[in-house]
Amino acid sequence: MKPILIKNILQLTPQSQTVKVSGWVRTFRNNQFISLNDGSTIKNLQIVVDFQNFPEELLKKIHTGTSITVTGKLVPSLGKGQTHEVVAEALDIIGECSPEEYPLQPKKHSLEFLREIAHLRMRTTTFQSVFKVRSGLAFAIHQYFQQHGFVYIHSPIITASDAEGAGELFQVTTLNLNNIPKTETGEVDFSEDFFGKPANLTVSGQLEAELAAMAFSKVYTFGPTFRAENSNTPRHLAEFWMIEPEMAFYELPDNMDLAEDMLKYLIQYAFNNFPDELEFLQQRQSEEEKQKPQNERSSMPLLEKLNFCIKESFERLTYTQAIDILENSSYNKKKKFQFPVQWGMDLQTEHERYLVEKEFNKPVILTDYPKAIKAFYMRQNDDDKTVRAMDILFPGIGEIIGGSQREERLDKLEQRMKEMRISAKDMYWYLDTRRFGTVPHSGFGLGFERLVQFVTGMSNIRDVIPFPRTPKNCEF
RNA sequence: UCCUCAGUAGCUCAGCCGGUUAGAGCACAUGACUGUUAAUCAUGGGGUCGCAGGUUCGAGCCCUGCCUGAGGAGCCA
């Protein structure tokens, strides 16, 4: 007889049928009730042990974390708090778990502590909820794009280009760091390195996605990206996953429509498929926020916030309009902004938060930023001052998506690259897309962990990826 | 990288103006109880006060440096 997943057992009508289950003990109460979890659901199965019929030696080995297999009769629970329970007839201990050494206790642990034991934290309801939602969202992303005619492209993890200039790079090398080969002029001789030139981990799959979009019309990438920036914030990781769709024949409004529709689909998917997990996470978040001062709490509970984002259309405005709003805000007149508002500057976190949380109180799409603060590949507007960029700002998270319509005109692109000192020679393959059958096209990048943060309500990004990589932290 | 705060038992924390043998709850062990829901009750064990210096008759507490963590900022997704 094979063990049945707890998820499936809880769907059976209990009528004293014999079932077998395996899992890990969460708590053992009253020398009589085992709360068993196997990860198939965040719900636990209550096992009732008649302590008079089992040897004391066996029962003494049952602690939080012990793995067991139980065979018994499935009956309606006599107690409150659960619908089903299994009256144990046979109980085998698979793996013991010393209660003196096992760090997880049947009590609340701080997220900081659990982060230090990331190899064990998945055994908590919080992290099971988060990672189930994460898994579901990853699946939903593929489902969404596959249903909409997109081709999944695997962009390379190791690249030799730093075209985007998006942050510091992780260098990839097989050179002996204790004996680095040098050229006659004393520089590192990369001709001896594995690729014969400097290589690094990718910071974005966008440029490769653009190449593919010129063949398949609609493509997306979904893979890990790496930034060696020394950023220590609850919103940044050195290794994170990014979704980057790229669409030929799409202009900026089409790009915005797609991004908004996709985000709503993903949130709706989580809503439909993980009600128990989201319910639990909402509970967790509201308890966490009881510790915070009133003005730092979320304006609405998690499920309400998600529902709100699905129903409301995102506010769309240009960078210039946003600056106008900020300049004329009472906030600005009372000089509450630390950074003065001025056309041409990059919006600071406080400005973005004002727009999203005070002015509109819903997701905001900002477009047409000054070209000086955006990447070389963004399509230039006729005003010669702005580019067809778009950023989607979410409450609590900030920028969740950054995208643009790409510059498809070869001369304009080359001119911009010259201005920004980007080598046209190294980027010949990218420029070829504009030489051979160029078309208007657009795309964006979605930070997967930031999406998971938003949907789960977790305040620190290190708690939505199983093994976070951050400066000075590469454990497990 | 910058600013702020924190580091005391396995966990969460208290520790007064620098003064005797550093405390609590939970966890753990032992016993009692046995339809519990982080069970309950009683008893007990458990400390390199982050690390290294310094000031002082005396430092968990004051000073300096470093390490680690958190929050904010910058960079961004």
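Lettering follows sequence order; numbering is per chain, from 1. Basis for what follows: all heavy atoms, side chains included, without hydrogens, waters or symmetry-related copies.
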Answer yes or no: does a side-chain N or O of [X] lie under 4.0 Å from OP1 or OP2 of [N]?
X: A:Ser231; N: B:C75; result: no
X: A:Arg29; N: B:A39; result: yes
X: A:Thr64; N: B:A27; result: no
X: A:Ser110; N: B:C11; result: no
X: A:Asn460; N: B:G71; result: yes

Original post:
More than 12 foreign heavy atoms under 6.0 Å from NZ of A:Lys73: is that the case here?
Top reply: yes
**OP:** Count the heavy atoms belonging to other residues, nucleotides or ligands that lie under 6.0 Å from CD of A:Glu101, then report whether that count exceeds 12.
**Re:** no
Output the single nucleotide from [options] whose closest atom is nearest the side chain of [X].
X: A:Arg115; options: B:G69, B:G74, B:U1; value: B:G69
X: A:Asn30; options: B:C76, B:U34, B:A70; value: B:U34
X: A:Gln105; options: B:C26, B:G74, B:U37; value: B:C26
X: A:Glu85; options: B:A70, B:G35, B:A77; value: B:G35
X: A:Gln32; options: B:C26, B:U34, B:U36; value: B:U34
X: A:His63; options: B:A29, B:U36, B:U1; value: B:A29
X: A:Lys60; options: B:A73, B:C11, B:U30; value: B:U30
X: A:Glu229; options: B:G35, B:C75, B:U37; value: B:C75
X: A:Arg462; options: B:A70, B:U37, B:A29; value: B:A70

With a 4.0 Å cut-off on N to O distance, would you call [X] and [Y] a salt bridge?
X: A:Lys60; Y: A:Glu57; value: no
X: A:Glu239; Y: A:Arg227; value: no
X: A:Lys336; Y: A:Glu350; value: no
X: A:Lys374; Y: A:Asp391; value: yes
X: A:Glu407; Y: A:Arg388; value: no
X: A:Lys108; Y: A:Glu287; value: yes
X: A:Asp463; Y: A:Arg121; value: yes
X: A:Glu315; Y: A:Lys362; value: yes

Original post:
How do A:Glu100 and A:Ile401 order along RNA chain B: which one's closest nucleotide is nearer the 5' end?
Top reply: A:Glu100
**OP:** Take A:Ile461 and A:Phe33, find for each the nucleotide of RNA chain B with the closest heavy atom, and name the residue whose nucleotide sits nearer the 5' end.
**Re:** A:Phe33
Check whether the side chain of [X] and the base of [N] form a donor-acceptor pair under 3.5 Å.
X: A:Glu112; N: B:U12; value: no
X: A:Gln46; N: B:U36; value: yes
X: A:Glu116; N: B:G69; value: no
X: A:Gln338; N: B:G72; value: no

Original post:
Taking the chi torsion of B:C62, is it syn (within 90° of 0) or anti (everything else)?
Top reply: anti
[X] [atom1] to [N] [atom2], straight-line distance once rounded to whole Å:
X: A:Glu56; N: B:U34; atom1: CD; atom2: P; result: 15 Å
X: A:Leu451; N: B:A77; atom1: CG; atom2: P; result: 15 Å
X: A:Leu114; N: B:A70; atom1: CG; atom2: C1'; result: 15 Å
X: A:Leu347; N: B:C75; atom1: CG; atom2: P; result: 11 Å
X: A:Lys108; N: B:U12; atom1: NZ; atom2: P; result: 14 Å
X: A:Leu45; N: B:U36; atom1: CG; atom2: P; result: 18 Å
X: A:Gln52; N: B:U34; atom1: CD; atom2: P; result: 9 Å
X: A:Met262; N: B:A77; atom1: CE; atom2: C1'; result: 12 Å

Which value, in whole Å, describes the distance between the [atom1] atoms of nucleotides [N] and [M]?
N: B:C61; M: B:U55; atom1: C1'; result: 14 Å
N: B:G60; M: B:G7; atom1: P; result: 15 Å
N: B:U30; M: B:G45; atom1: C1'; result: 10 Å
N: B:A22; M: B:G46; atom1: P; result: 12 Å
N: B:U48; M: B:A32; atom1: P; result: 33 Å
N: B:G10; M: B:C28; atom1: P; result: 15 Å
N: B:C3; M: B:G74; atom1: P; result: 16 Å
N: B:A27; M: B:A38; atom1: P; result: 12 Å

**OP:** Kindly indicate, with the supporting measurements, whether the criterion side-chain hydrogen bond (donor to acceptor under 3.5 Å, both in side chains) is fulfilled by A:His63 and A:Thr66.
**Re:** CA-CA 6 Å; A:His63 300 103; A:Thr66 305; 4.6 Å; no
Original post:
Using Watson-Crick and G-U wobble pairs whose two distances are both under 3.5 Å, how do you write the pairing of RNA chain B as dot-bracket, with | for links to another strand?
Top reply: (((((((..((((.....[...)))).(((((.......))))).....(((((..]....))))))))))))....
Determine the contact category for [X]: base if any of its heavy atoms lies under 4.0 Å from a base atom, sugar-phosphate if only primed atoms, P, OP1 or OP2 are that close, otherwise nothing.
X: A:Phe51; result: base
X: A:Lys472; result: sugar-phosphate
X: A:Gln348; result: sugar-phosphate
X: A:Pro103; result: nothing
X: A:Gly79; result: base

Subject >> Parallel, tilted or perpendicular: rings of A:Phe454 and A:Phe394 (30°, 60°) >> reply: perpendicular
**OP:** Output the residues of residues 232-240 of chain A in contact with RNA chain B, where contact means a heavy atom of the residue under 4.0 Å from an atom of the strand; sort by number or write none.
**Re:** A:Asn232, A:Thr233, A:Pro234, A:Arg235, A:His236, A:Leu237, A:Phe240
Original post:
Name the one of A:Thr124, A:Thr125, A:Asn44 that satisfies side chain to side chain donor-acceptor pair (under 3.5 Å) with A:Asn37?
Top reply: A:Asn44
**OP:** Before giving the answer on side-chain hydrogen bond (donor to acceptor under 3.5 Å, both in side chains), spell out for A:Tyr354 and A:Asn332 the whole-Å C-alpha distance, their side-chain angles and the decisive distance to 0.1 Å.
**Re:** CA-CA 10 Å; A:Tyr354 178 86; A:Asn332 190 41; over 6 Å; no
